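First the structure, in the form of structure tokens, and then the observations on it.
Predicted model, so just to flag it, every value in this text is computed and none were measured. Here, residue 1 is the first one in the sequence, and each next residue gets the next number.
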Amino acid sequence: LCWPLPALLAGGTYALGYVGDAGSYCAVGPDFTPQYLLAFYLPLVGAFAFNTATYALVCRSATEARVSRSTSLYLLVFAVVWLPSLLVRL
């Protein structure tokens with residue numbers, strides 16, 4: 001799942017002609033913003049939702065507070081890194 005899904009999404013965007021000269025911003029042209037959101041950010045949001053659900057399960061079953069704290073820091077960093085680029089695209 002770590003490489004087949006990204007390979008499928010990248011191959012699909014290339015095969016459909018979404019990849020082109022976009023300048024220095026990114027590989028997908030500005031005319032294809034909805035497709036970029038679906039091909040990149042939808043899986044990213046899905047991964048964040050999966051991580052949040054996993055965090056909730058870990059917090060429920062963890063006996064040490066250290067485990068919960070380190071897991072919550074991971075989620076916070078994930079959100080801080082990817083949220084600005086998502087907001088720019090919307």
_If the condition is side chain to side chain contact (heavy atoms under 4.5 Å, CB included), which residues does Leu42 pass it with, not counting sequence neighbours?_
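Per chain and number, Leu42 pairs via side chain to side chain contact (heavy atoms under 4.5 Å, CB included) with Leu38.
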
*With sequence neighbours excluded, what pairs up with Phe48 under the side chain to side chain contact (heavy atoms under 4.5 Å, CB included) test?*
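Partners of Phe48 by the side chain to side chain contact (heavy atoms under 4.5 Å, CB included) criterion, ordered by chain and then number, come out as Thr52, Leu75, Phe78, Ala79.
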
Count I, L, V, M, F, W, Y as connected when their side-chain heavy atoms are under 4.5 Å apart, and connections chain through other members. Are [X] and [Y] then in the same cluster?
{"X": "Leu44", "Y": "Phe50", "result": "no"}
{"X": "Val45", "Y": "Tyr74", "result": "yes"}
{"X": "Trp82", "Y": "Val77", "result": "yes"}

